[in-house]
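Following: one structure in structure tokens, then a few remarks.
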Amino acid sequence: MVCQQQRKIIHVDMDAFFASVEQRDQPQLRLKPVVVGGLPTSRGVVAACSYEARQFGIHSAMPSSQAYRLCPHAIFVPPRIDAYREVSMLIRQIFWRFASAVEPLSLDEAYLDVSDSAMLEGGATRIAQAIKQAIFDKTRLTASAGVSYNKFLAKIASDMDKPNGLYVIKPEQGEGFVAGLNISKFYGVGPVTEGKMHRLGIKTGGDLRAFSRQELRYEFGKSADYFYNIARAIDLRPVRSNIERKSLGREVTFKSDVSDQQVLLEQIKSLSDEVWCGLQANKLQAKTVTLKVRYADFCLTTRARTQVSAIKDLASMQLILGGLLTRTDSARRAVRLIGVSASGLTLKEPQEAELRQLELF
């Protein structure tokens with residue numbers, strides 16, 4: 001196994017992916033504030049937005065009506081998941097030309113291990129530049145990349161110079177970089193954990209490093225070892241191409257608590273779109289779907305339904321999730337976070353046409 005200091009990890013993250021695809025395919029939208037998601041009149045939510053829209057304070061998971069108030073001249077377009085999935089597949093093909101291992105996180109981001117690559121004399125930074133150029137040549141879309149010696153730093157780096165950025169954190173820079181990093185930038189530190197850390201006086205990686213492993217275990221339980229290591233820029237996780245998934249899910253924390261059931265349903269629809277795309281991309285099928293709801297008082301509830309056979313299509317999944325929402329207290333209690341996951345996963349059986357094609361070989 002390659003040790004931490006020898007690894008060359010790249011994290012690639014497409015820039016405003018859904019919105020960028022829309023701007024590419026509809027030239028009249030270029031350089032305009034574009035919001036992908038529900039219309040303001042439908043009480044939908046923002047699935048993604050262009051950088052022009054972000055300048056007005058618009059962000060994903062925001063109610064579309066609020067986005068409209070922030071920018072009345074924003075252009076709202078419905079999501080086209082099939083189009084985004086098609087582009088994602090092209091991008092993954094590019095990844096495999098350069099990397100020995102690729103670990104997709106979603107349609108628009110992935111980790112790549114180029115430790116053993118002989119391309120471009122094995123230079124990870126030059127390989128990242130080549131990947132970005134290949135993506136642009138193939139899709140006319142830009143990506144940002146982070147290069148470092150572990151996954152944690154590579155992911156942080158990819159967000160440092162967006163859009164169309166390339167940021168490198170060398171081994172000798174890792175500890176110093178983490179020490180000065182605001183705790184809110186740490187991957188794995190959500191709003192609740194961030195608030196607790198602030199109460200403990202932890203605002204930067206340097207503050208976190210001052211806590212012993214025992215102190216962190218007392219405060220954060222099973223997450224303590226992770227926090228102890230990343231405070232020292234240590235992350236030994238390998239890039240894994242073939243992860244045996246037990247579940248696949250997406251969740252979102254709202255900037256402000258949500259009580260409107262229609263907004264929650266629109267967000268569930270958006271999240272289930274992403275989960276379904278993930279299942280399709282990994283050739284998986286699921287028997288169980290789970291809805292996760294965290295209320296404004298931080299109380300958490302989950303509701304799940306398991307089918308006898310695999311869920312057959314996205315519409316069926318969304319119908320189940322709508323029913324699960326009615327079994328929560330979301331109509332009476334404001335919601336802070338909502339999540340969707342699929343489990344009971346098995347590989348999809350090849351379709352008849354695919355079987356015929358395989359027989360030819």
Side-chain angles (χ1 to χ4, degrees), residues 13-26 28-85 87-88 105-109 141-144 159 162-163 184 190-191 249-278 291-296 314 317-318 321-322 325 330 334-341:
D13 190 8
M14 300 301 296
D15 298 322
F17 183 49
F18 291 3
S20 294
V21 172
E22 299 299 339
Q23 290 178 316
R24 180 199 67 178
D25 294 349
Q26 303 182 63
Q28 71 275 18
L29 300 181
R30 293 173 188 169
L31 302 179
K32 301 287 181 63
V34 175
V35 176
V36 179
L39 297 174
T41 54
S42 70
R43 295 189 297 176
V45 295
V46 176
C49 59
S50 66
Y51 283 97
E52 294 83 2
R54 295 181 190 186
Q55 294 176 1
F56 294 88
I58 298 173
H59 54 76
S60 61
M62 173 183 286
S64 296
S65 57
Q66 184 180 351
Y68 178 77
R69 288 194 296 272
L70 290 171
C71 183
H73 62 282
I75 302 170
F76 289 78
V77 297
R80 297 181 299 138
I81 298 298
D82 287 342
Y84 311 146
R85 185 191 300 120
V87 177
S88 180
L105 300 179
S106 61
L107 291 177
D108 61 344
E109 62 175 322
L141 301 172
T142 64
S144 292
D159 200 39
K162 276 184 165 288
S184 64
R250 299 287 284 179
E251 62 183 42
V252 65
T253 300
F254 298 108
K255 292 290 183 181
S256 55
D257 300 333
V258 174
S259 301
D260 192 314
Q261 290 292 287
Q262 188 61 39
V263 170
L264 293 176
L265 285 169
E266 288 292 335
Q267 185 62 68
I268 288 171
K269 181 179 178 181
S270 177
L271 293 172
S272 60
D273 279 344
E274 294 188 53
V275 171
W276 186 260
C277 285
L291 180 68
K292 174 181 177 181
V293 177
R294 188 182 298 278
Y295 300 107
L314 175 59
M317 176 183 284
Q318 291 176 341
L321 287 164
L325 183 65
S330 59
V335 173
R336 178 185 180 84
L337 173 149
I338 199 159
V340 170
S341 63

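Side chains are part of it too, since the values below use all heavy atoms of this structure and drop only hydrogens, waters and symmetry mates.
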Next on the checklist: Going by the rule salt bridge (Lys or Arg N to Asp or Glu O under 4.0 Å), which residues pair with Asp257 if we only count those two or more places apart in sequence or in a different chain?
Outcome noted: none

Item to check | Of all pairs that satisfy side-chain hydrogen bond (donor to acceptor under 3.5 Å, both in side chains), the ones with a partner from residues 58-78, not counting sequence neighbours | outcome: none

Checklist entry - Can you find a heavy atom in the side chain of Lys292 that is under 4.5 Å from one in the side chain of Leu337? => result yes

Checklist outcome for this item: Heavy atoms of Arg336 and Pro191 approach each other most closely as NH2-CB, 3.3 Å

Item to check | Identified side chain to side chain contact (heavy atoms under 4.5 Å, CB included) partner of Glu266 from the options Leu271, Asp260, Val45, Val46 | outcome: Val45

Next on the checklist: How long is the straight-line distance from CG of Leu325 back to CG of Leu264, given to the nearest 0.5 Å?
Outcome noted: 6.0 Å

Next on the checklist: Going by the rule side chain to side chain contact (heavy atoms under 4.5 Å, CB included), which residues pair with Pro78 if we only count those two or more places apart in sequence or in a different chain?
Outcome noted: none

Checklist entry - Mind checking what makes salt bridge (Lys or Arg N to Asp or Glu O under 4.0 Å) contact with Lys162, not counting sequence neighbours? => result Asp13, Asp15

Checklist entry - How would you list, by chain and number, every residue that makes a side chain to side chain donor-acceptor pair (under 3.5 Å) with Ser272, sequence neighbours excluded? => result Gln318

Checklist entry - What residues form a side chain to side chain donor-acceptor pair (under 3.5 Å) with Gln55, not counting sequence neighbours? => result none

Checklist outcome for this item: Sorted by chain and residue number, the side chain to side chain contact (heavy atoms under 4.5 Å, CB included) partners of Ser341 (sequence neighbours excluded) come out as Thr290

Checklist entry - How would you list, by chain and number, every residue that makes a side chain to side chain contact (heavy atoms under 4.5 Å, CB included) with Ala74, sequence neighbours excluded? => result Pro33, Val35, Cys71, Phe76

Item to check | Non-neighbouring partners of Arg250 that pass side chain to side chain donor-acceptor pair (under 3.5 Å), sequence neighbours left out | outcome: Glu274

Checklist entry - For the residue pair Val263 and Val258, what are the closest heavy atoms and their distance? => result CG1-CG1, 3.8 Å

Item to check | Nearest atoms (heavy-atom pairs only) where Cys49 meets Ala19 | outcome: C-CB, 3.6 Å

Item to check | Minimum heavy-atom distance between Lys32 and Gln23, given as atom pair plus value | outcome: O-NE2, 3.2 Å

Checklist outcome for this item: Heavy atoms of Ser50 and Ala16 approach each other most closely as CA-CB, 4.4 Å

Checklist entry - Distance-only, no hydrogens or angles: does the Gln261 side chain make a donor-acceptor pair with backbone N or O of Ser330 under 3.5 Å? => result yes

Item to check | Separation between CD1 of Ile338 and CD of Gln267, rounded to the nearest 0.5 Å | outcome: 7.5 Å

Item to check | Side-chain heavy atoms of Tyr84 within contact of Cys277, under 4.5 Å | outcome: no

Next on the checklist: Just verifying a value: how many Å separate Asp273 CG and Ile81 CD1, rounded to the nearest 0.5 Å?
Outcome noted: 4.5 Å

Next on the checklist: Which residues pass the salt bridge (Lys or Arg N to Asp or Glu O under 4.0 Å) test with Arg80, not counting sequence neighbours?
Outcome noted: Glu22, Asp25

Checklist entry - How would you list, by chain and number, every residue that makes a side chain to side chain contact (heavy atoms under 4.5 Å, CB included) with Leu141, sequence neighbours excluded? => result Met14, Phe17, Ser20, Val21, Arg24, Val87, Thr139

Checklist entry - Excluding sequence neighbours, so at least two apart, what forms side chain to side chain donor-acceptor pair (under 3.5 Å) with Lys269? => result none

